[in-house]
K.L.:
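Handing you a structure now.
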Amino acid sequence: MKTTIEISDSLLREARKFAAREGVTLRMLVERGLRHVVTETKPVAPFKLRQASFKGRGLQDDLDQASWGRLRDRAYEGRGA
């Protein structure tokens, strides 16, 4: 398949010199580079939050409308804080 790409003149000059030193065509060099990037770049699995819920009946009645500070104080109650 044919395609057209635009790259900087300086990079093209370097690539041609490199290909000549390696004894390969510019096409082979580009294919080798693309193949390397495609095979070496592994897709990153998207973050998935684990299921961390537990059985219960929700907040206690006296904490139903409590502020974050009050919830935090209750959570640390009796823990020396």
K.L.:
Check whether Ile5 and Leu11 end up in the same hydrophobic cluster, where Ile, Leu, Val, Met, Phe, Trp and Tyr are linked by side-chain heavy atoms less than 4.5 Å apart.
P.N.:
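They do share one cluster, since a chain of ILVMFWY contacts under 4.5 Å joins Ile5 to Leu11.
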K.L.:
How long is the span from the NE2 atom in His36 to the OG1 atom in Thr41, to the nearest 0.5 Å?
P.N.:
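If we round to the nearest 0.5 Å, His36:NE2 and Thr41:OG1 are 7.5 Å apart.
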K.L.:
Group every Ile, Leu, Val, Met, Phe, Trp and Tyr by side-chain heavy-atom contacts under 4.5 Å, then state whether Val30 and Val37 land in the same group.
P.N.:
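In one cluster: no.
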K.L.:
How long is the straight-line distance from NZ of Lys17 back to CD of Glu14, given to the nearest 0.5 Å?
P.N.:
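That separation rounds to 7.5 Å.
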K.L.:
Is Arg72 atom CZ crowded by more than 12 heavy atoms from other residues, nucleotides or ligands, each under 6.0 Å away?
P.N.:
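Result for CZ/Arg72: enclosed.
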K.L.:
Would Arg27 and Glu31 satisfy side-chain contact (heavy atoms from CB on, under 4.5 Å), going step by step from the backbone distance to the final call?
P.N.:
CA-CA 6 Å; Arg27 174 185 173 164; Glu31 285 183 1; 3.1 Å; yes
K.L.:
Going through the distances and angles, do Leu29 and Glu22 end up as a side-chain contact (heavy atoms from CB on, under 4.5 Å)?
P.N.:
CA-CA 9 Å; Leu29 182 64; Glu22 293 287 310; 5.7 Å; no
K.L.:
So which heavy atom on Asp62 is nearest to which on Arg70, and how close?
P.N.:
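Residues Asp62 and Arg70, closest heavy atoms: O-NH1, 3.1 Å.
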